[in-house]
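Scope of the values below: all heavy atoms of this structure, side chains included, with no hydrogens, waters or symmetry mates. Note that this is a predicted model, so its numbers are computed, not measured.
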Amino acid sequence: MAPALPAVDYLVLEGTPHLVAWFCAQCGASYFDRRNACARCSGAEFERRPLGTEGVVRAFTIVHRAAPGLPAPYTSVVVELDGGGRVKANLLGVTDPAAVTAQLKVRLVTFVAGTDDDGTEAIAFAFEPIGGAA
Amino acid sequence: MTEVWIVGASMTRFGRFPDLDLMDLASDAALSALRDADAAMADIGVLTMGNVYEAGSNNGQRLQKQIGQTGVPVYNVVNACATGATAVRVAMLSLLAGEAEMGLAVGVEQMGKMGLIGNAAQSHGSRAGGKPAKKEFAPKGRYGAVVKTEGVLGTGLMPGVFAQAGTEYALAHGITAEQFAKVAQKNHAHSTLNPLAQYRKEFSLEEILGADVISYPNTLPMCCPTGDGAAALVLVTGEKLRTLDPDVRRRAIKISASVLTSDPWVDGGQVQPDVNTLTRNAADAAYEAAGIGPEDLDLVELHDCFATAELLHYDNLRLCEPGGAGDFIDSGKPWRDGSTPVNVSGGLLSKGHPIGATGVANLYEVATHLRGEAGDRQVPDARVGLTHVIGLASACAVHILEAPAAR
Ligand SMILES: [Zn+2]
C-alpha cells in the first residue's frame, strides 16, 4: 500500500477516519486550526477531541465555475456533525440541487486528493448521503 | 451635540476604463464632489481615501498631488468591501473629534476584467521560474495542509460562500431558486434608469434562471461584475453648515447614523463566514442611533454582491418578517415603485462593484434621492434612506441618511 498522509492535520486516518478539533477548555468553542487563543472567550487552554463522522447538511452550493485546474461541477456543503462542530467539504455523487434537502443526512468518507513524487498519497475527506446518492 | 452633514456628493460612471489610472478616477470624483459643495481643496481639513487593490501606494497623498497639496491629515483606509464606507466614517469621526470642520472622503478602485474567481487560487508548492521543484507533501500552515484545499474541501471563494449563505437560509425557510433570481431581475431592471451603471440591460426571469450557473443558485446575472470607478463625499459639521451658502444648506443631507461592525464569534463561523450577525448588529445599532425603524425607510442601497446576499439582507436589515425574505421579494415591495425600494441604482449586480468605491457610491445614491435629484430613477418624496455594505472577513457598515424636515 502506498504511504499516505492526511490532506489536513485535523483528519485522522487511523482506525475509522474521523476529524479532530481543538476545544477551548474554558468555553467549549471548537477550532480546526492551531490556535493562539479562543476567538470566543480569549482562553488559551485547549484540548483535542474527536468529532462525529455523521451529520446533516446545513448549506450547499454546486460550483460550476471552479478555480483553475479543478473539475466542475462539484458540490460544496457545510455539515453540522452529530455531537457538535461544523465543517466544510465536498458532497460526493451529488450535483442535482433537488437532491439536497433540509436535514439531508451524510457521512464522512475519504479519497485520494493527490500523489507526490515519492508516491505518497494525500488523503482528504468528503461526505456522501447516507443510503447512497439521493 | 455635533452633527455631520453631506454637502457634496459625486460618483463616476462605473465600468471598465483601461485608459484611465486610479488617480484619474479619484480626481474626477473628488473634484466633482467639491464643485457640488461649492468648495475647494483649500477648504478641506481632512482627506480620507478608500482603496483595496493598490492600498500600499498612499493613494490619499497621491490624490492630493493631483488636486491640491494643502498639508491636511490624510487617512488611507482599507476594509474589504466596506472600504469606501469606512473611509466616509473615518472622515466623519475626524469631524466629530474636532480635528476639522470640512472633510473629503474618496473611494476608488480599478479592478479591470479580473473575473469572479480573481487570483484566489495559487498553485500549491509551485515555484516561479527555473525547473519545477520536487513535489513532496509536507504539512503547511495552520491547518497542516499538504495540498491546496480550495475545491477539495469545499469552496471558500466568494461566489460559493455567498451561495452557501443563501442556501442555508433557503433550507431553513423554503426559498426557491426563482425567488433568488427575482432579486437579479429587479436590480437589472432598475439599472436601465441609472446612467452611471456599468450594465443597463433588463433580463427576464427565464433568462436569469437559464444563464450559466456560476455557483448554484447564482447564475451569471446573479453575480456582480468587477470594474472600475470612484465616488466622493464632502462632509461638514453642523456648526460649519450654518456658515455656508443657503444653496449649499438647502441640499445638505444629515448622516443620522454611522455604524461599523465586525464578525462576533458564532458557532461554525470558523469554517463558513457568517454574513448575517454583523449585519443585524450594525442595522440594530443604526436604527437606535437614528431613532427610526425599518418602516421609516424610503429607500435602501444594500450589498447585493450576489442575488442570494440581497435576499438575506432583507431579513438582516429587518425589512421583512424573520424568515420572510422570499415573501418580501414576491410581494414586489423592494421594487422602485414598492413600499421599500431596494437598490434602485441597479445595485452591485448591475451598477457594478469597484470595491473601494462601493460604500461611498451607496451614500451618493441615497443622498441624491433625498435631494430629489435622482432623475428618472427618483424615489418620489424620499426623506430617509439606509446604506449597507459588507466585506469578508469581516466588516459591515450601515449609514442612515435624512433630508431635513424643513429647508
Ligand atoms: Zn473559549
Side-chain angles (χ1 to χ4, degrees), chain A residues 5-11 27 29-35 38-41 57-78 80 84-91 95 97 100-104 111 113-118 120-122 124-126, chain B residues 115-118 120-121 123-125 133-139 141-157 159-172 174 177 212-220 223 263-272 308:
Chain A
L5 275 174
V8 285
D9 66 10
Y10 56 92
L11 172 64
C27 77
S30 66
Y31 304 93
F32 288 122
D33 62 334
R34 172 168 65 77
R35 299 302 304 178
C38 176
R40 186 189 200 184
C41 77
V57 170
R58 289 293 302 248
F60 74 101
T61 185
I62 300 154
V63 179
H64 286 250
R65 193 78 59 90
L70 289 171
Y74 68 89
T75 299
S76 170
V77 289
V78 177
E80 180 149 28
R86 286 193 200 184
V87 66
K88 187 181 279 193
N90 288 350
L91 180 64
T95 52
V100 186
T101 50
Q103 304 298 312
L104 176 70
F111 66 98
T115 307
D116 74 5
D117 292 343
D118 296 330
T120 302
E121 291 178 336
F125 66 93
Chain B
L116 277 170
I117 309 298
S123 116
H124 186 92
K134 185 184 174 191
K135 185 178 170 191
E136 190 172 10
F137 288 149
R142 289 197 167 245
Y143 296 91
V146 304
V147 294
K148 183 164 62 72
T149 55
E150 171 57 31
V152 174
L153 295 177
T155 183
L157 301 183
V161 164
F162 280 94
Q164 286 172 104
T167 59
E168 181 167 21
Y169 191 85
L171 290 174
D212 284 353
V213 179
I214 303 300
S215 202
Y216 179 90
N218 288 320
T219 65
L220 188 60
C223 303
D263 273 346
W265 184 93
V266 295
D267 193 21
Q270 309 288 319
V271 298
Q272 166 73 7
T308 44

If I measure from the heavy atoms of chain B, does A:Ala29 come under 4.5 Å with its side chain, its backbone, both, or neither? both
What part of A:Val63 is in contact with chain B, defined as an atom under 4.5 angstrom from a non-hydrogen atom: side chain, backbone, both or neither? both
Minimum heavy-atom distance between A:Ala122 and B:Val146, given as atom pair plus value: CB-CG2, 3.6 Å
Proximal component of B:Asn218, with respect to chain A [non-hydrogen, under 4.5 Å]: neither
So which of A:Ala89, A:Ala124, A:Gly85 has the biggest tally of heavy-atom pairs under 4.5 Å with chain B? A:Ala89
Whether A:Asn90 side chain and B:Gly154 backbone form a donor-acceptor pair below 3.5 Å: yes
Region of B:Thr149 that comes under 4.5 Å of a non-hydrogen atom in chain A: side chain
To check you understand the geometry: which heavy-atom pair defines the closest contact between B:Phe137 and A:Asp116, and what is its length? N-OD2, 2.8 Å
Residue part contacting chain B, namely of A:Val77, when any heavy atom lies under 4.5 Å: backbone
For the residue pair A:Lys88 and B:Val161, establish whether any side-chain heavy-atom pair is separated by less than 4.5 Å. yes
Minimum heavy-atom separation for A:Thr61 and B:Ser215, please, with both atom names. OG1-OG, 2.8 Å
Look at the rings of B:Tyr143 and A:Tyr10 and say which category their plane angle falls in: under 30° parallel, 30 to 60° tilted, over 60° perpendicular. perpendicular
Do A:Tyr74 and B:Thr155 have side chains that get closer than 4.5 Å, going by heavy atoms? yes
Trace of the side chain to side chain contact (heavy atoms under 4.5 Å, CB included) decision for B:Lys134 with A:Asp118: CA-CA 9 Å; B:Lys134 185 184 174 191; A:Asp118 296 330; 2.7 Å; yes
Flag side-chain contact, heavy atom, 4.5 Å: A:Val78 against B:Glu168: no
Interface moiety of A:Pro6 toward chain B, non-hydrogen atoms closer than 4.5 Å: backbone
Check: A:Thr115 main-chain N/O paired with B:Lys135 side-chain donor or acceptor under 3.5 Å: yes
With a 4.5 angstrom heavy-atom cut-off, could you sort out which part of A:Thr101 is near chain B: side chain, backbone, both or neither? backbone
Greatest number of non-hydrogen atom pairs under 4.5 angstrom with chain A, of B:Val213, B:Asp212, B:Asp267, falls to B:Val213
If we define contacts as heavy-atom pairs under 4.5 Å, which of A:Val87, A:Leu5, A:Asp9 has the most with chain B? A:Asp9
Examine distances only and state if a side-chain atom of B:Arg142 and a backbone atom of A:Arg34 form a donor-acceptor pair shorter than 3.5 Å. yes
Taking side-chain contact (heavy atoms from CB on, under 4.5 Å) as the test, write out the residues that go with B:Gln270, two or more places apart. A:Tyr31, A:Arg35, A:Ala39, B:Trp265
Could you tell me which portion of A:Phe125 (side chain, backbone, both or neither) has an atom closer than 4.5 angstrom to a non-hydrogen atom of chain B? both
Side chain, backbone, both or neither: which part of A:Gln103 has a non-hydrogen atom closer than 4.5 Å to chain B? neither
Of the listed A:Ala102, A:Ala113, A:Pro73, the one with the largest count of heavy-atom pairs under 4.5 Å with chain B is A:Ala102
